[in-house]
Amino acid sequence: MNRILVVGSGSWGTALVKILLENKSLFVDWWVRDDKMAKTINAKGQNPRYLRSVQLDTSRLRADTNIEQLILDNDCILLVTPSAFIADLLKDISSDQLKSKKIISAIKGVEPNSLKIVGEYLFEYKDVKESDFGVITGPCHAEEVAQEKLSYLTFASTNEKFVDEICSLISCEYISVFPSADIYGTEIAAVLKNVYSIACGICLSLGYGDNFQAVLVSNAIREIKRFIAAVHPIDRDADDSAYLGDLLVTAYSKYSRNRTFGTMLGKGYSISSALMEMEMIAEGYYATESIHKLNDDYHIHMPILEFVYQVIYGTFDVEGEAKKLTLLLN
């Protein structure tokens with residue numbers, strides 16, 4: 001593989017472009033939403049909105065807004081847009097246009113209308129074959145990639161050859177990649193950890209200390225295990241980095257936008273005010289409602305999910321719901 005398309009120009013999309021360009025034999029096409037951003041990237045090798053300090057090699061990079069042409073030009077497509085917008089983004093892209101192309105999701109959310117994780121959405125609505133699909137997940141924050149701090153990714157696909165190829169493609173001096181075949185568990189865990197990060201931010205703002213946070217996170221990984229075991233029961237170790245590690249970095253890192261969103265709610269911000277003040281989208285906001293609806297089919301005991309759901313979509317009683325949650329953890 002010597003060419004790849006990255007779809008999405010946020011901080012994580014920018015970080016993945018940086019990682020891919022470390023492979024000196026690779027050309028990267030980059031879909032961005034507006035012409036002004038594309039022109040700046042192509043002229044200066046910098047994203048004017050996110051990770052502005054990152055300098056990109058423009059000799060092997062082309063930013064453009066024409067997604068249909070970019071998809072036509074590439075056989076491998078890496079999706080890094082917010083999950084809430086994926087259906088609209090691909091609405092004019094037919095199954096034939098994606099036929100035989102390799103599709104990778106670095107999206108950590110659920111498509112809100114279908115309640116499908118991205119892989120399932122592509123399988124059902126765009127006829128993408130499971131063997132042509134893969135998932136990139138953490139634990140990894142874009143800001144530390146920008147600083148070239150040692151980071152770890154997981155790439156999951158049921159296609160072993162595809163796994164080997166992508167693991168080699170995105171490995172570099174500061175990125176190590178773990179292989180996996182668990183496309184469902186890794187993707188769902190990446191969705192859920194954003195919800196639990198919101199819970200951590202809320203409780204932090206309310207004055208609950210490190211002792212409580214430890215109990216909260218240990219309960220959160222148990223919720224993740226229960227849910228992914230119900231949705232896709234295979235033999236997996238959910239204490240691996242793709243599951244537990246990704247939860248930990250999102251729950252504790254200062255770079256976590258979902259934790260920041262939760263912190264704002266705990267300080268008394270309204271939902272609309274918190275969302276407006278965020279420079280980047282907190283995927284957990286959308287994921288909370290989607291997973292809550294999905295759980296109507298599974299009836300998994302998920303008190304932390306219920307806590308975040310009630311704060312955002314239900315009672316809006318932050319302190320009262322937190323008090324209830326403390327009685328349900330162990």
Side-chain angles (χ1 to χ4, degrees), residues 11-12 108 137-147 149-154 188-228 237-271 273-275 277-280 282-285 287-288 291 300-312 314-330:
S11 59
W12 190 219
K108 299 169 182 178
T137 187
C140 195
H141 276 301
E143 292 80 2
E144 291 202 349
V145 171
Q147 299 168 52
K149 292 190 175 183
L150 181 61
S151 302
Y152 294 79
L153 294 173
T154 297
I188 294 168
V191 174
L192 283 170
K193 54 96 177 183
N194 287 329
V195 177
Y196 300 129
S197 180
I198 293 174
C200 289
I202 292 171
C203 293
L204 179 69
S205 281
L206 292 177
Y208 292 91
D210 292 343
N211 296 339
F212 179 79
Q213 291 279 341
V215 174
L216 182 62
V217 173
S218 63
N219 276 263
I221 190 60
R222 294 202 292 274
E223 284 193 24
I224 289 175
K225 288 177 179 180
R226 289 195 295 269
F227 194 77
I228 60 177
D237 185 355
D239 291 328
D240 283 349
S241 295
Y243 315 91
L244 177 58
D246 206 14
L247 170 65
L248 291 174
V249 75
T250 311
Y252 288 113
S253 176
K254 64 183 179 180
Y255 297 123
S256 170
R257 68 193 72 172
N258 291 284
R259 185 173 183 261
T260 299
F261 177 64
T263 301
M264 294 166 74
L265 298 183
K267 289 179 177 177
Y269 281 70
S270 67
I271 305 296
S273 295
L275 290 173
E277 193 158 318
M278 297 281 293
E279 278 194 16
M280 297 172 286
E283 283 279 20
Y285 168 73
T288 299
I291 296 292
I300 306 302
H301 180 57
M302 303 180 77
I304 307 174
L305 171 70
E306 185 64 28
F307 160 62
V308 178
Y309 179 82
Q310 289 301 329
V311 168
I312 297 176
T315 66
F316 307 104
D317 179 5
V318 179
E319 294 190 13
E321 294 298 336
K323 182 70 75 175
K324 290 181 192 175
L325 179 65
T326 65
L327 303 176
L328 299 173
L329 303 183
N330 58 67

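In this text, all values refer to a predicted model and were calculated from it rather than measured experimentally.
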Report yes if the side chains of [X] and [Y] come closer than 4.5 Å at any heavy-atom pair, otherwise no.
X	Y	result
Trp12	Cys140	yes
Met278	Met264	yes
Leu192	Met302	yes
Val217	Cys200	yes
Ile312	Phe261	yes

* Asked: Applying the side chain to side chain contact (heavy atoms under 4.5 Å, CB included) test to Tyr196, which of Ile304, Thr250, Asn258 qualifies?
  ->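 Passing option: Ile304.
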* Sole residue of Thr288, Ile202, Ile198, Val195 in side chain to side chain contact (heavy atoms under 4.5 Å, CB included) with Phe307 ->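 Of all the options given, the one that passes is Ile202.
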* **Pairing residues for Lys108 by the salt bridge (Lys or Arg N to Asp or Glu O under 4.0 Å) criterion, not counting sequence neighbours** =>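 Here no residue qualifies.
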* Contacts of type salt bridge (Lys or Arg N to Asp or Glu O under 4.0 Å), residue Lys267, not counting sequence neighbours ->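 Checked Lys267 against salt bridge (Lys or Arg N to Asp or Glu O under 4.0 Å); zero matches.
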* Mark yes when over 12 heavy atoms from residues, nucleotides or ligands other than Glu319 sit less than 6.0 Å from its CD; otherwise mark no. =>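 No - once you tally the heavy atoms of other residues, nucleotides and ligands closer than 6.0 Å, there are 12 at most.
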* Tyr152, OH: over 12 other non-hydrogen atoms inside 6.0 angstrom ->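 It does not: Tyr152 OH has 12 such atoms or fewer within range.
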* Asked: Would Leu204 and Arg259 satisfy side chain to side chain contact (heavy atoms under 4.5 Å, CB included), going step by step from the backbone distance to the final call?
  -> CA-CA 9 Å; Leu204 179 69; Arg259 185 173 183 261; 3.3 Å; yes
* To do: Let me see the working for Tyr285 and Ile271 under side chain to side chain contact (heavy atoms under 4.5 Å, CB included), right down to the final yes or no.
  => CA-CA 9 Å; Tyr285 168 73; Ile271 305 296; 3.6 Å; yes
* Asked: Should Glu143 and Gln147 be marked as a side chain to side chain donor-acceptor pair (under 3.5 Å) after you check the CA-CA gap, both sets of side-chain angles, and the distance that decides it?
  -> CA-CA 7 Å; Glu143 292 80 2; Gln147 299 168 52; over 6 Å; no
* Taking all atoms of both residues into account, what is the closest heavy-atom pair of Leu325 and Pro303, and its distance? ->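 Scanning both residues, the minimum pair turns out to be CD1-O, 3.7 Å.
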* Listed once per pair and sorted, the side chain to side chain donor-acceptor pair (under 3.5 Å) pairs that draw on residues 204-221, sequence neighbours left out ->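 Matches after skipping sequence neighbours: Asn219-Arg222.
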